[in-house]
Amino acid sequence: VGVLGLDVGASKLLARGVTRRGEPGFALRLPTGRSLGPAAAVDRIAEVVARARDAMADDGGVEAVGIGFPGLVDHERGVARSSVMLDGWADVPLAAAVEDRVGIPCALDNDVNAAALCEHRMGDGGDFLFVAIGTGIGGALVLGGDLRRGAGGVAGEIGHVTIDRAGRACSCGRRGCVNRYASGTAIEEAAGLAPGALPTLAAGPGPLAPVLLAAAEALGVALGSALNLLDVRRVVLGGGVAELGPRYLDAVAAATRRECFAEVGAHCQVAFARGGYQGAALGAAALARQRLVTAGQPAAAESSPSAPAYSRASRAAAAGVAPRAAKVET
Ligand SMILES: [Zn+2]
């Protein structure tokens, strides 16, 4: 069957369909804004699902949808808990709202988790720390072949790791978070650039611009500590920074190796995400396919301590999609 993955962000909604043969198909990009609230988001998502169903009618249709959300997510319950990127989100049962609206199973996860899942599927199966650098900095952790969400869904979030206790004030209420030195926003502020001008700066001739070198070094301080703590050997960089090119990547790798134990640094690799800017949407499509499988096994989900307040599985059954789950190919 075909599935649809959505990357919902503060500047755009990116959709990628994946056909019944597992190939990327339908693609759509719609502008959004940070004022995109829950009701408007469900409207946009329903519109995209309808367009994808038409476009993929001969490729397995759209039997499930996955959403990468820019904020804190309760993946098990399908609830968007909060967002610093989008206004008006507080404990919104987004997956259930989308399922009610479009009549197919919906999976919800953090957008960086979705991008990390895409990297995991395209990669060699090893452990890695995924770091998404755009407006802010997000992170995700894959250990032992699984995405680790942690007790509260925060595992891997490296953006608010402190690199200077007396440093710049951060939106989280503390000081000196790496986010304030190495995010796209921080680099643009430091360089006096208009938002979105970063790729032009990175593309210039000659050595790496000093402001980008400073950002790479700041990121390396946080990554070095993270590698010492986690003892993983691969760091994957995604987000808009994935367009900044090899000189930036080399600077991040050099700073990271310098900032961790020599034996950790000697083995560490820093690479750009294989899924590029589409990673979160493609990973969300993988989440949608996983969701189809769990929709066919409601007992396990319903009996867990964090059983959903609403029954997504029974909604799916009511919509007539659960019987198909047994036939899902992976
Ligand atoms: Zn912070």
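Along the sequence shown, residues carry numbers from 1. Just follow the structure's listing: the first ligand is 1, and inside any ligand the first atom is 1. Predicted model only: the values in this text are computed from it and were never measured.
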Arg175 vs Thr162, test: side chain to side chain donor-acceptor pair (under 3.5 Å). Steps then yes/no. CA-CA 7 Å; Arg175 288 191 169 274; Thr162 307; over 6 Å; no
Short question: side chain of Asn110, backbone of Gly71 - any donor-acceptor pair under 3.5 Å? yes
Donor-acceptor pairs under 3.5 angstrom involving side-chain atoms of residues 248-257: please list them, not counting sequence neighbours.
{"unit_1": "Thr256", "atom_1": "OG1", "unit_2": "Val252", "atom_2": "O", "d": "2.7"}
{"unit_1": "Arg257", "atom_1": "NH2", "unit_2": "Cys268", "atom_2": "O", "d": "3.3"}

Is the shortest distance from a Lys or Arg side-chain nitrogen in Arg149 or Glu76 to a carboxylate oxygen in the other one below 4.0 Å? no
Just by modelled atom types, is the Phe261 backbone N or O under 3.5 Å from a matching donor or acceptor in the Asn228 side chain? yes
Return all protein N, O or S atoms below 2.8 Å from the Zn ion (ligand 1), chain by chain in residue order. His160 ND1, Cys170 SG, Cys172 SG, Cys177 SG
Can a donor-acceptor pair be found, under 3.5 Å and without considering hydrogens, that links the side chain of Asp146 to the backbone of Arg148? no
